[in-house]
Every structure is written in C-alpha cells, then in structure tokens.
Amino acid sequence: MNILPISDLNKSLNSDSTKVVSEAEEFYHRQLEAAADTIAENGAQKPIVLLSGPSGSAKTTTAMRLKALLEKNGHRAHVISMDNYFLPLNGLSGEELSKIDLEAPSRVDIPLLKEHLQRFWECLPTQLPVFNFADQTRGQGELLCRQENELIILEGIHVLNPEVVGEIRQHAQGIYVSVRTRLSHEKQLLHPSMIRLMRRLMRDRLFRGRKTEDIIRAFKSVQRGEALYIMPYKDNASINIDTFMSFEAAVYCNQLLPNLQEVSPDFELYEMVKELLVFLENVVPLPTLIVPDSSIVREFIGGSVFSY
C-alpha cells in the first residue's frame, strides 16, 4: 500500500497545484486504460463486467469512464446499477424496517438479478428496473437488448458475491475498486476508509441534506457490512483499481472542517472525527474549481459529466 505524507503533498500543492491534480488524474486514467484493454481482450468470452467496491469507492464514475474508454475503442458498453435491483421497502412498518440489514445481499432481488444477467448473456430483450430511493419503490426502466459484440458493466457492492450473481460468473470479468493509498501526518496514518468517509460526508451533506453525526453513524454500520459482505469476495476480481486522489482531501477541507469542528467531543464516535481533523487541519486547501468535471471527486462534490 502506498503512503503519501501530508508534508510532501503540501509542498507539491504550494509549488504547482494544477500539476498535482493532473498527475493524480493521469494515474487513475492509466489504471482505467489497462482495465479497458483487459475487458476488451476478453469481451467475446466474458462480455459481462462485475464492478464492485465499498461505499465511497467511486464505483459510478469508474464504471462510466470505463464505458467511455471502451466505446472510444469501438466496444459498445451498457452500465447498469445493482441498486436498481433493491427490493422495495414501501409499505413496511417501522418495526419491520428496523429488522432489515440494509447492507446485506438479501437487500437485493437476487432471483430477478440472476434472471436478467442470464438474459444479458443470451442477448434477450430485458426490461430493466429502476429503484426510487425517495419512497423505496421499484418501477420499470428501459428495455435493453445486448447485441453479440456489446458489453454489460454491472456495478454494485455485492456483484462479486457468487450467491448474488450465480452461474453468470463464468461469463464475467471482475473489477474491485477502492481507496488503497494512505495519507500520513507525522507518525499518524489515515486509514483509506477515512478518505471514503470524507467522500460520504461531502456527498450526503450536499445531496441528501444529512447531518455530520448521522453520516458518521451510518458509515460505522456500512463498515460492518463491508467486512461481512464485500471484503470476503474482493479476490473474485481479476482487476484492481486504486481510486485515491492525492488532492481530494485538500478539496474537501474547506467544507468539511467547519462541520467537523462543530461536532461535540461527547459524540460517541468522536475518535473518528478527531482522526479526520488531524489531516484536514494540516492540508493546504484547494478550490473546487480545480477539479475536472470527469474526475471521480466530482461524484462527491457535484458537477460530474457522468450520469445514468
């Protein structure tokens, strides 16, 4: 695992922040190019791509940028989110909802997903579902019929779990994306999951109106789910992508610092807050305008060119 000292990062940011951003984006892009080459090379035998990673790993942008690279090289691809296969929860009582493990594979309509994956493989017309998170209902999406030379990229936290995708694994290529690089400050290392927490703090506050403490509590539950349901299957991927961006903490700090500094030391998960503060208080801040609109960082701060 790579380690980047904050002191080195700050020196580079003070010298040429634009270069720091471009070099980070280029490193990520080279990983995508290598992945796209492998996918295309094996696409005839394995046209389904299963892209997984923990929460905040930038699965959405990675999937969309892979699609763009593949199509640039003449390989049409369709991106599908496993989230649209979640089971509807509307109509359940509060007590019933409290008993549901929202991080578990049982959250997914596994029989329907397996059926659709088989239909994708056989190039049969398939009516895609669309999940509405606002009211926890599921409706009908577009009708998709994969052609013989086309690829399907299915992204989601459980897609490397053989119990979720079934026999289609023999016709699929696996990709695991996550943050793999650690920031360091003096003798303290920031665990990669804390970068993913920064991303969720940005996204959930901006787009979901959630409070800092609630986001951190939810992330603690998410970490439990990752250990149980995601990490055990990451070795099913033949391709690994590090989505760490050296400059992202510098972009987040102006917005995250004031909110984290307002959290009471009595908060039950304050140790996580303290860990974030050590790094955010010591990094040179950057304006969001410096972030390219195709960057994975845009998935969490807004302004991304990718959607599906």
Side-chain angles (χ1 to χ4, degrees), residues 31-53 57-88 105 107-133 137-177 233-234 236-241 294 296 299 304-308:
Q31 294 181 84
L32 293 182
E33 286 185 320
D37 288 345
T38 300
I39 291 168
E41 182 179 344
N42 299 310
Q45 294 75 35
K46 296 185 175 183
I48 296 174
V49 179
L50 305 174
L51 191 153
S52 182
S57 59
K59 294 183 292 296
T60 299
T61 302
T62 300
M64 295 305 294
R65 285 185 59 168
L66 277 174
K67 168 184 165 69
L69 272 173
L70 287 163
E71 294 192 338
K72 180 181 178 182
N73 294 325
H75 308 281
R76 191 177 183 203
H78 305 273
V79 176
I80 298 171
S81 172
M82 187 202 71
D83 290 2
N84 286 319
Y85 288 85
F86 282 167
L87 289 164
R107 182 75 176 86
V108 180
D109 189 339
I110 294 176
L112 180 65
L113 179 59
K114 286 182 176 178
E115 176 192 339
H116 283 193
L117 286 170
Q118 186 62 35
R119 292 181 70 86
F120 297 152
W121 163 245
E122 296 176 8
C123 295
L124 296 174
T126 307
Q127 186 75 58
L128 300 180
V130 174
F131 191 82
N132 187 323
F133 282 89
T137 60
R138 196 174 67 199
Q140 285 190 349
E142 67 174 308
L143 183 68
L144 173 64
C145 186
R146 182 183 77 86
Q147 302 302 305
E148 287 288 348
N149 60 340
E150 294 178 351
L151 300 158
I152 297 288
I153 302 174
L154 176 69
E155 66 94 354
I157 60 175
H158 298 302
V159 300
L160 292 177
N161 184 336
E163 294 183 6
V164 173
V165 298
E167 295 300 317
I168 206 66
R169 287 182 63 214
Q170 62 185 312
H171 305 303
Q173 305 177 64
I175 301 177
Y176 186 78
V177 301
Y233 305 106
K234 64 181 183 178
N236 289 338
S238 57
I239 299 170
N240 289 276
I241 296 175
S294 62
I296 61 173
E299 187 174 328
S304 176
V305 296
F306 295 117
S307 63
Y308 69 93

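Just so we're clear, the structure is a prediction, and the values are computed from it rather than from any experiment.
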Ile152 CD1 to Arg119 CZ distance, which is reported to the nearest 0.5 Å: 12.5 Å

Note, Phe306 side chain near Thr60 side chain (heavy atom, < 4.5 Å): no

All heavy atoms of Ile296 vs all of Ala58, minimum pair found to be CB-CB, 3.8 Å

Correct closest heavy-atom pair for Arg146 and Pro47 would be NH1-CB, 3.6 Å

Heavy-atom count around Glu122 CD within 6.0 Å, excluding the residue itself: above 12? yes

Indicate yes or no: at least one non-hydrogen side-chain atom of Leu69 is less than 4.5 angstrom from one of Glu33. yes

From Leu154 CG over to Lys59 NZ, what is the distance, rounded to the nearest 0.5 angstrom? 11.5 Å

For Ile175, which of Val159, Leu66, Leu50 qualifies under side-chain contact (heavy atoms from CB on, under 4.5 Å)? Leu66

Just so I know, are the side chains of Asp109 and Arg138 near enough to count as touching, which here means a heavy-atom distance under 4.5 Å? yes

Do Pro111 and Leu113 have side chains that get closer than 4.5 Å, going by heavy atoms? no

Counting only heavy atoms not in Gln127, do more than 12 fall under 6.0 Å of its CD? yes

Residues two or more places apart in sequence or in another chain: which of them pass ring-ring contact (aromatic ring centres under 6.0 Å, His included) with Phe120? none

Residue pair Val49 / Ile239, side-chain heavy-atom distance below 4.5 Å: no

Please give me the minimum heavy-atom distance between Val164 and Lys114, naming the atom from each residue. O-CG, 3.5 Å

Given 3.5 Å as the limit, does a donor-acceptor pair link the side chain of Arg107 with the main chain of Leu87, or not? yes

If you apply the rule side chain to side chain contact (heavy atoms under 4.5 Å, CB included), what do you find for His75 with Ile39, and how did you get there? CA-CA 10 Å; His75 308 281; Ile39 291 168; over 6 Å; no

What one should report as the nearest heavy-atom pair of Cys145 and Pro125 is SG-N, 3.8 Å

Quick one: does any side-chain atom of Lys67 pair with a main-chain N or O of Ala77 as donor and acceptor, under 3.5 Å? yes

Ser81 side chain to Val79 main-chain N or O, any donor-acceptor pair under 3.5 Å? no

Mind listing the closest non-hydrogen atom pair of Leu70 and Ala36 along with its distance? CD2-O, 3.6 Å

Under the side chain to side chain contact (heavy atoms under 4.5 Å, CB included) rule, what do Asn84 and Leu128 come out as? Steps first, then yes or no, please. CA-CA 8 Å; Asn84 286 319; Leu128 300 180; over 6 Å; no

Decide yes or no for Ser304 and Glu299: does some side-chain heavy atom of the first lie under 4.5 Å from some side-chain heavy atom of the second? no

Would you say the side chain of Leu144 lies within less than 4.5 Å of the side chain of Glu150, judging by non-hydrogen atoms? no

Of all heavy-atom pairs between Leu160 and Ala237, which one has the smallest distance, and what is that distance? CD1-CB, 3.9 Å

May I ask you to check whether over 12 heavy atoms, not counting those of Glu163, lie within 6.0 Å of atom CD? no

When rounded to the nearest 0.5 angstrom, what is the spacing between NZ in Lys72 and CZ in Arg65? 11.0 Å

Enter the distance from Ile168:CD1 to Ile48:CD1 here, rounded to the nearest 0.5 Å. 4.0 Å

Checking the side chain of Glu155 only, and the main-chain atoms of Ala63 only, is there a donor and an acceptor separated by less than 3.5 Å? no

Under the criterion side chain to side chain contact (heavy atoms under 4.5 Å, CB included), I'd like the reasoning laid out for Arg76 against Asn149: C-alpha separation, chi angles, the key distance, then a yes or no. CA-CA 8 Å; Arg76 191 177 183 203; Asn149 60 340; over 6 Å; no

Parallel, tilted or perpendicular: which describes the rings of Phe133 and Phe86, with under 30° parallel and over 60° perpendicular? perpendicular

Rounded distance [0.5 Å steps], CD in Gln173 versus CD in Glu41: 9.0 Å

Has Glu148 got more than 12 heavy atoms of other residues, nucleotides or ligands less than 6.0 Å from its CD? no

Can you tell me how far CD of Glu71 sits from CG of Asn73, rounded to the nearest 0.5 angstrom? 10.5 Å

